[in-house]
Novice: 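Let me give you the structure first, and then I'll get to my questions.
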Amino acid sequence: MTSEIIFYFLAAVSVITALMVVFSKNPIYSVMWLIACFFSIAGHYVMLNAQFLAIVHIIVYAGAIMVLMLFTVMLLNLNRESEPHKSLLTKGIATVTGGMLFLVLLAAMRSTQLGAYASPEASDAGFVQKVGMVLFTDYLLPFEMTSVLFISAMIGAVVLAKKEKH
Amino acid sequence: MSIILFKVILIVLIFLISLGLAAYATYGERKVAAFLQDRIGPDRAGPFGLLQPIADGVKMFLKEEIIPTVSDKFLFILGPSLFMMTALMTSAVIPWGTPVSIGGQNFNLQVADINIGILYVLGVVSLGVYGIMLGGWSSNNKYALLGAIRASSQMISYELAMGMSVVAILLMTDGSLSLNAIVESQGEGKLYGFINVSGMNWNVFYQPIAFIIFLITAFAECNRTPFDLPESESELIGGYHTEYSSMKLGLYLFAEYINMFISSAIIACLFFGGYNFPGIEYLSNHLPQNVMSLITFVVLFGKILFFIFFFMWVRWTIPRFRYDQLMRLGWQVLMPLAIINVLLTGAAITFFGN
Amino acid sequence: MQLTNRSKVVTKKEMSFMEKLYLPAIVSGLSITIKHLFKKKATLRYPEVTREFAPVYRGMHVLKRDEQGRENCTACGLCAVACPAEAITMDAAERKKGEENLYREEKYAAKYEINMLRCIYCGLCEEACPKDAIYLTDRIVPSEYARDTFVYGKDLLVEKMDDRIDVSKRKKSYHID
C-alpha cells in the first residue's frame, strides 16, 4: 500500500517535472526541472530495488551531464532579444515533425494495456554484483560495443578540440 | 527502542555534530592559520577566543540581507540551500563506530548501510556543484559567474579521478561498495599478511597512490587551497559568493567546512581503517560493548580532526594553482595514474590472490 | 657595461623526475610550516601587554622642573632655532618678585608651544637646550580629530608637580662627559 502511494507520487512528479521542462520559459529553469525529473526516475529505480542503477543514474545524468548542460546554457545567456528569428518554413516543418511524433506516441499508447499497479518482487537484480555479472556475461558484446562507441566519441572530441596546424 | 527512533536520534546527533564542528572549524582555521604564521589568532571572545564562532554566527544572522535586484531571486536563494543540503546529506553512509546495544538490541552507528555506500557519496558530492553554479549564475555578476564556471569544470574533472581511485579500494574489499564493509575489512587480517596487529590492516598501506589521488581530489572537491580557484578572492573578489551577504553567505562558508569534515571522514573510512585502531581486538574482548562503541567513535573522530587539520595545514603552505595547471593535473596526471593504479591492483589480486 | 660580477644567467633547465613529482617539495614545504606552529609568537596581547620602548625612543616632549619644582626653561630660543621643522614657538617674560619658586632663573617662557603635527621628533631641541629643560619622552602623542588640538601649550608640556617624568635614561644616553 505504501509502495503504491510512493509509486503514484513519483509518477506524478516525473510527469509534472517533465512537462515543466518543456513549458518553462527560462532555459535554466528547464534544466532544473529536468534534474528534478531525473531524481524522480531514480526514485523509481530505488522502488524496483535497483539502488545501483538509481545512484549511477544520478551520478551520470544529474551529476555530470546536466552540469554540462547548465554550464552551456549559462554561458550562452539565452534571452528573448538574442533568440534567432525563425522563418515560417522552419516553424511549419517543426509543427509537422512534432505532430508526427505526437501521432506515434498516441499510437503507442493506444496499444499499451493499462494495468493496475503491481508492487515489484523483492529481488537483488539491481545490486552491483548482479549488474556486473550480467554485463560481463550475457551482455558482453553490447557492453564492449558501447565502449568502442565512447572511444570513437572521445577521439572525435579530441580531434575537434585540437588546434589546426598552419 | 525502535529502530526508527534510534535512527532519528542518530541523524539529529550527526546533524548537530556536523554543524558544531563546522562552526568550530572556522575558529580552528583562524587559529591554525595564526599559529602557522607565528601569530596568536582570535583570543578576545571568551577564554582562548572559544566563543568566537558564536559571535561570528550572531554577526552573520544580524547582517543585512541583500538580494541584488537584477538577480533571479528564487535561484539566488536555492543556491546556498542546495549547497548546504548536499553537504549535510553525505554523512548518512559513514559508519561512526561499532554497534551499540540498547536493551539487548544491537544498533549500527550508521544512518543507512546501503550496499552502494561509496557511490552514494560520489553522487551527492557531484550534486554539490549545483549549489555553486546556481548561486554564481543567479547573482548576475561576472565574477560570480566566472567562479561558478571554474567550480563546475573543476569539480567534474576531479570527480572522475576520485571515482577511479576509489575503484582500487573496492577491488580490495571483494567488490563491496558499502562503507561499513570497507571499514570492517580493514579491521581484520594481518598487515601485508604477516604483521599481526589487530585493527591495523589499513588500505593506505596497500594503496598509497590511490590515497594520494583521493586526497588531492578531495581538496579539489572541497574548493580548498591549492584548488580554491572558484572563490579565489585575489582574482574574483569572492568567486561564486561575491553577491551573497548575511546568513546565505554563512551557509556557503559553513557548507564548505562541513564538506571538509565529511571528506575527512571518508578519507579516514576508506584508507585509515575508519573506527579501527591497533589493539581493537584486545580491548573489545575486555570492555563492555557500549564503551567500545564510544572508543571507536572517538578514534574515528581523532582521525577526522587530524585530516581537518591537514586541510588547514596545506592551505597555509601551498599557493593556488593556475587554471591550466589545475586542468593538466586533473586530466593528464591524476586520471591516467588512477587508471594505471586500478589495473595494477586488479593484476596483483588476480596473480597473487590478495 | 658590467657593474658587478654578481649577475647570473637565467636558465630554465629541465626538471628531473623527482622534481616533476612535486610531492617532495610539498612535503618539505609542509615541514617548514609545521615548524612555525611551535615557534614563539610575535604577537603582543596589546591592552594587557605593551611593547617596551627603546631607551632612545623619542616621543612627546616634556618641559622639566628642577628638584624644587621650578621650571628650567629660560626661553632662550635655542630649541626653536635648532628645530628643523620650525615647530616650536615661545614668548619670553621676566620673572616678577615672589615668583622665585615658580621659575629657576630671571627669564622664563610665558608661552611655549610645540606643533605636534610639524614636529618630526628628531630630538635636536633636546640637544640644543643648555638648561636641561626640554626632553623627549617615551609617551605617545594621542591622536585627535581636529588639527588645532595638536598645538601643545605649556599646560600639556610642563610636567606636573605630582607626576614627575623620569628622563634619566635619556640624560645618560646624551651627556657622557
Side-chain angles (χ1 to χ4, degrees), chain A residues 20 24-36 38-39 42-43 45-46 49-79 123-133 135-136 147 150 154 157-158 161, chain B residues 72 74-76 78-79 82 86 89 93 112-140 142 144-157 159-160 162-163 167 170 173-178 181 221 240 331:
Chain A
M20 288 306 288
S24 292
K25 283 210 172 121
N26 191 333
I28 296 273
Y29 279 88
S30 289
V31 173
M32 294 312 291
W33 282 117
L34 195 52
I35 295 164
F38 283 150
F39 267 93
Y45 283 132
V46 174
N49 213 7
Q51 297 173 358
F52 179 71
L53 276 186
I55 201 73
V56 165
H57 184 78
I58 286 176
I59 292 176
V60 172
Y61 285 97
I65 292 179
M66 291 320 288
V67 171
L68 289 177
M69 284 266 249
L70 202 59
F71 200 91
T72 334
V73 172
M74 279 178 182
L75 283 180
L76 284 179
N77 198 15
L78 293 171
N79 47 32
S123 75
D124 55 355
F127 283 17
V128 194
Q129 288 87 346
K130 285 283 154 86
V131 172
M133 281 310 261
L135 265 187
F136 282 97
S147 57
F150 273 124
M154 271 162 70
V158 170
Chain B
D72 192 314
F74 176 68
L75 293 181
F76 192 77
L78 188 70
L82 261 182
T86 49
M89 266 165 68
V93 291
D113 188 11
I114 44 180
N115 72 349
I116 46 160
I118 189 66
L119 278 183
Y120 169 84
V121 172
L122 290 177
V124 174
V125 165
S126 69
L127 294 177
V129 72
Y130 283 113
I132 294 178
M133 285 190 85
L134 290 179
W137 180 80
S138 61
S139 299
N140 212 348
K142 60 183 144 190
L145 182 64
L146 277 174
I149 288 165
R150 281 186 182 186
S152 50
S153 48
Q154 172 183 324
M155 283 171 108
I156 295 173
S157 308
E159 244 158 47
L160 292 168
M162 183 182 243
V167 168
L170 300 180
T173 46
D174 300 329
S176 178
L177 297 172
S178 155
E221 293 289 321
Y240 55 88
W331 287 103

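Every heavy atom of this structure was used, including side-chain atoms; hydrogens, water molecules and symmetry mates were not. Chain letters run A, B, ... following the sequence lines, proteins first, then strands; residues in each count from 1.
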Novice: State, with a plain yes or no, whether a side-chain heavy atom of Q51(A) is found less than 4.5 Å away from one of L119(B).
Specialist: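 No; the side chains remain at least 4.5 Å from each other.
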
Novice: Tell me, side chain or backbone of L160(B) under 4.5 Å from chain A's heavy atoms, or both, or neither?
Specialist: neither

Novice: Could you go through Y130(B) and L70(A), starting from their C-alpha distance and side-chain angles, then the distance that decides it, and tell me whether this counts as side-chain contact (heavy atoms from CB on, under 4.5 Å)?
Specialist: CA-CA 9 Å; Y130(B) 283 113; L70(A) 202 59; 3.7 Å; yes

Novice: Tell me, side chain or backbone of I149(B) under 4.5 Å from chain A's heavy atoms, or both, or neither?
Specialist: both

Novice: For the residue pair G63(A) and S126(B), what are the closest heavy atoms and their distance?
Specialist: CA-OG, 3.5 Å

Novice: For the interface with chain A, which of L78(B), L145(B), I156(B) has the highest count of heavy-atom pairs at distances below 4.5 Å?
Specialist: I156(B)

Novice: Measure distances from S153(B) to the heavy atoms of chain A and classify the residue's part below 4.5 Å as side chain, backbone, both or neither.
Specialist: both

Novice: Does Y61(A) have more than 12 heavy atoms from other residues, nucleotides or ligands lying within 6.0 Å of its OH?
Specialist: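 No, OH of Y61(A) has 12 or fewer neighbouring heavy atoms, counting only those of other groups under 6.0 Å.
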
Novice: Do Y120(B) and I59(A) come close enough that some side-chain heavy atom pair is under 4.5 Å?
Specialist: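 The answer is no; the side chains never approach within 4.5 Å.
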
Novice: Go through L134(B), V129(B), L122(B), V124(B) and name the one with the most non-hydrogen pairs under 4.5 angstrom from chain A.
Specialist: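 Looking at each option in turn, the highest pair count goes to L134(B).
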
Novice: Evaluate whether atom CE of M89(B) has more than 12 neighbouring non-hydrogen atoms of other residues, nucleotides or ligands under 6.0 angstrom away.
Specialist: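 Result for CE/M89(B): enclosed.
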
Novice: Is chain B contacted by the side chain of M66(A), its backbone, both, or neither, given a heavy-atom distance below 4.5 Å?
Specialist: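 Its backbone and side chain both get close to chain B.
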
